[in-house]
Chemist: 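First the structure, then my questions, so here it is.
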Amino acid sequence: MSSSESEIRIQKIQEIREMGKDPYPPRYYPSDYSADVLKKFQENETPFQVNLAGRVILKRVFGKSLFMTLRDSKGDIQVFGHIEQMKDEYEFLKKKIDIGDMIGVKGEVFKTHKGETTVNAFEVTLLSKAINPLPEKFHGLTDVETRYRQRYVDMIVNPEVKDNFVIRAKVIQAIRQYLYQRDFIEVETPILQQIPGGANAKPFITHHNALSMDLYLRIAPELYLKRIITGGIEKIFEMGRVFRNEGISTRHNPEFTMIELYQAYADFNDMMKLTEEMIASVIKDIKGSTVIEYQGKTLDFTVPWKRLRMDEAVKQFSGIDINQVKDRDELEKKAVEAGLPADKIKGMEYWKLFNTLFEEKVETMLEGPVFITHYPSKTTPLAKNDPSNPLFVERFELFIAGREHANAYSELNDPILQKEKLMEQVSEKKSGDDEAMYFDSDFVNCLEYGMPPTGGLGIGIDRLMMIILNAPSIRDTLIFPHMKPVEE
RNA sequence: GGGCUAAUAGCUCAGUAGGUAGAGCAACGCCCUUUUAAGGCGUGGGUCGAAGGUUCGAAUCCUUCUUAGCUCACCA
């Protein structure tokens with residue numbers, strides 16, 4: 001990318017070198033940060049010397065003096081330069097330092113006539129000459145495409161973007177801390193898998209040259225984590241990237257971060273308690289309260305959260321009581337009456353129809369946080385049946401702001417039943433459902449050695465971040481969201 | 001993948017009875033010793049997303065393509 005402004009700046013680099021200065025010196029050690037300096041000076045207004053480093057984001061020149069705004073990782077501070085103070089170096093600062101350059105500033109803190117705490121510079125060192133000009137100072141960078149593609153510019157110009165990613169790191173740290181304190185062990189399982197399992201999703205395919213075989217990027221770590229539970233580690237979790245070859249939207253990125261955790265001798269009720277306590281605790285840590293605003297709505301994360309059976313939820317929002325419906329034809333008729341498009345649900349299988357009813361009539365209504373419990377056994381092959389009604393399983397999903405944020409069950413550990421359920425998935429795959437699960441015979445073999453009764457949980461970290469950051473799009477929670485390449 | 005909308009200077013944006021482009025900021029030159037989006041005077045800067053088409057003439061009208069946003073579908 002070349003422009004006349006870039007060319008002028010490249011010319012300046014040449015001139016700076018001719019002056020005997022290095023436009024990209026090997027090192028510089030600042031000893032102070034903007035925010036600390038401001039705080040310290042405002043406490044007793046006694047002048048003191050500082051040594052800062054940062055980026056010039058504004059510059060105002062008045063002949064024999066000038067003002068700059070310097071931005072470092074903790075914030076902005078004003079720098080003042082004066083010809084009598086800086087002598088020959090003043091001309092260098094005035095002519096060769098541009099908006100966007102990284103500089104080091106040594107000087108003394110004082111207060112301007114207008115009352116702003118400012119550093120009176122006596123030495124300015126160029127640390128890195130910028131060739132590309134920064135976006136305009138007032139409107140900044142608003143073009144969404146450029147903000148995502150060149151996130152570094154977005155972060156320079158919109159510091160709150162940078163802050164959000166720092167918060168993300170703190171949330172992840174808080175989650176790990178919460179689990180470490182409860183004796184969970186962090187494990188790592190294969191991302192390159194021969195049989196992608198643990199979720200209903202289309203996988204990405206890749207290729208191993210030396211083995212001359214295709215491999216899949218994981219869609220979930222679930223089946224490996226259960227192998228570890230079987231192996232005897234009782235409390236484990238994995239936080240990491242999973243990949244699903246599906247559409248992109250404000251709620252979906254092809255790769256996203258998920259935490260899955262498994263606890264032996266626990267069930268989905270224990271997972272529910274853990275979920276609400278962990279998330280409430282993290283939100284309290286980060287936001288200072290369990291009551292937060294999300295996109296104009298108030299969400300209360302104070303425990304305990306609401307629990308609602310799926311059949312009850314469907315009854316509440318659509319008027320249909322699944323337990324009173326005789327067969328699928330009657331359900332289809334009622335679903336159409338409830339407003340579902342007739343052509344879309346025509347011929348749909350009974351429980352799939354029930355699921356669609358839930359998705360269409362209930363999900364977006366759930367502001368939450370609320371646990372929806374007891375999903376149809378038919379649609380959840382890896383969960384344990386509800387002993388009081390085997391048509392349903394011991395499972396919950398967590399809904400916040402009309403979106404799914406977590407999924408958990410009492411893990412199915414009956415190898416024979418598991419095998420049957422996986423075989424059903426295989427036949428559905430054969431009949432055209434490309435999101436049905438693959439058959440993983442080694443996983444079944446593992447269960448045949450006996451897995452303890454176990455509770456398992458998965459939480460979408462990026463979606464949780466949307467809530468915490470009050471972000472309308474998942475892209476605001478990802479430093480580098482997926483983008484199509486620009487054609488040359 | 002479908003629908004709707006958008007793409008003009010480095011950035012933010014104007015620009016339709018079609019007549020080969022403007023502003024502010026940024027840049028460059030000059031003036032200016034306390035500014036806060038500093039100010040004043042002047043200068044340079046664009047294959048108007050790409051390719052075709054209609055026309056004497058296209059940023060503007062038509063077609064296709066690319067990218068993005070929203071939305072639907074799929075899903076977490």
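Per chain, numbering begins at 1; letters A, B, ... match sequence-line order. On a predicted model such as this, the values are computed, not experimentally measured, just so you know.
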Chemist: So A:Phe243 and A:Thr206, do their side chains get closer than 4.5 Å, heavy atoms only?
Modeler: no

Chemist: Among B:U12, B:U33, B:C70, which nucleotide sits nearest the side chain of A:Glu84?
Modeler: B:U33

Chemist: To the nearest angstrom, how far is A:Phe204 atom CZ from B:A76 atom C1'?
Modeler: 14 Å

Chemist: Which residue pairs pass the ring-ring contact (aromatic ring centres under 6.0 Å, His included) test when at least one of the two sits in residues 95-120 of chain A, sequence neighbours left out?
Modeler: A:Phe80-A:Phe110

Chemist: Should the pair A:Arg227 and A:Tyr224 be classed as cation-pi, given the thresholds of under 6.0 Å to the six-membered ring centre and 45° from the axis?
Modeler: yes

Chemist: With a 4.0 Å cut-off on heavy atoms, is A:Met483 in touch with a base, just the backbone sugar-phosphate, or nothing at all?
Modeler: sugar-phosphate

Chemist: Could you check whether A:Lys74 pairs with A:Asp72 (Lys NZ or Arg NE/NH1/NH2 to Asp/Glu carboxylate O, under 4.0 Å)?
Modeler: no

Chemist: May I have the distance from A:Lys484 (atom NZ) to B:C65 (atom C1'), rounded to whole angstrom?
Modeler: 12 Å

Chemist: When the distance from CD of A:Glu145 to P of B:C11 is rounded to whole Å, what number comes out?
Modeler: 12 Å

Chemist: Return each pair, listed once, that meets side-chain hydrogen bond (donor to acceptor under 3.5 Å, both in side chains) where at least one residue sits in residues 267-278 of chain A; pairs must be two or more places apart or across chains.
Modeler: A:Glu276-A:Arg307

Chemist: Between A:Arg55 and A:Asp101, does any NZ, NE, NH1 or NH2 come within less than 4.0 Å of an OD or OE carboxylate oxygen?
Modeler: no

Chemist: Tell me which nucleotide among B:C70, B:A73, B:A38 gets nearest to the side chain of A:Arg60.
Modeler: B:A38

Chemist: NZ of A:Lys352 versus P of B:A73: gap in Å, rounded?
Modeler: 12 Å

Chemist: Would you mind reading off the distance between A:Tyr90 atom OH and B:U33 atom C1', rounded to a whole angstrom?
Modeler: 8 Å

Chemist: Is there ring stacking between A:His139 and B:U12, where the centres must be under 5.5 angstrom apart and the planes under 30 degrees?
Modeler: no

Chemist: Atom CD1 of A:Ile156 to atom C1' of B:G10: distance rounded to whole Å?
Modeler: 14 Å

Chemist: Could you tell me whether the side chain of A:Met310 reaches within less than 4.5 Å of the side chain of A:Pro376, counting heavy atoms only?
Modeler: yes

Chemist: Pairing check on B:A14: which nucleotide meets the Watson-Crick or G-U wobble criteria with it, both distances under 3.5 Å?
Modeler: none

Chemist: Indicate yes or no: does A:Glu367 engage A:Lys297 in a salt bridge with an N to O separation below 4.0 Å.
Modeler: yes

Chemist: Identify which nucleotide among B:U71, B:A38, B:U12 has an atom closest to any side-chain atom of A:Thr142, counting heavy atoms from C-beta outward.
Modeler: B:U12

Chemist: Looking at the side chain of A:Glu360, which of B:A68, B:A73, B:C70 is the nearest nucleotide?
Modeler: B:A73

Chemist: Is the shortest distance from a Lys or Arg side-chain nitrogen in A:Glu15 or A:Lys96 to a carboxylate oxygen in the other one below 4.0 Å?
Modeler: yes

Chemist: Rounded to whole Å, how long is the line connecting atom CG of A:Leu66 with atom C1' of B:U36?
Modeler: 14 Å

Chemist: Output the single nucleotide from B:U36, B:U67, B:U12 whose closest atom is nearest the side chain of A:Leu141.
Modeler: B:U12

Chemist: With sequence neighbours left out, write down each residue that passes side chain to side chain contact (heavy atoms under 4.5 Å, CB included) with A:Arg60, or none if nothing qualifies.
Modeler: A:Leu58, A:Phe62, A:Phe67, A:Thr69, A:Gln78

Chemist: What residues in residues 69-83 of chain A put a non-hydrogen atom under 4.0 Å from any atom of RNA chain B?
Modeler: A:Gln78, A:Phe80, A:His82

Chemist: Using a cut-off of 4.0 Å between protein heavy atoms and nucleotide atoms, how would you tag nucleotides 26-32 of chain B 5' to 3' with B, S and -?
Modeler: BSS-S-B

Chemist: How long is the straight-line distance from CE of A:Met465 back to CD1 of A:Ile167, given to the nearest 0.5 Å?
Modeler: 7.0 Å

Chemist: Tell me whether A:Phe67 and B:A38 count as stacked here, given that the ring centres must be under 5.5 Å apart and the planes must differ by less than 30 degrees.
Modeler: no

Chemist: What I'd like to find out is whether the side chain of A:Val105 reaches to under 4.5 Å of the side chain of A:Asn51, using heavy atoms alone.
Modeler: no

Chemist: I need the residues from residues 462-472 of chain A with at least one non-hydrogen atom less than 4.0 Å from RNA chain B; give them sorted by number, or say none.
Modeler: A:Arg463

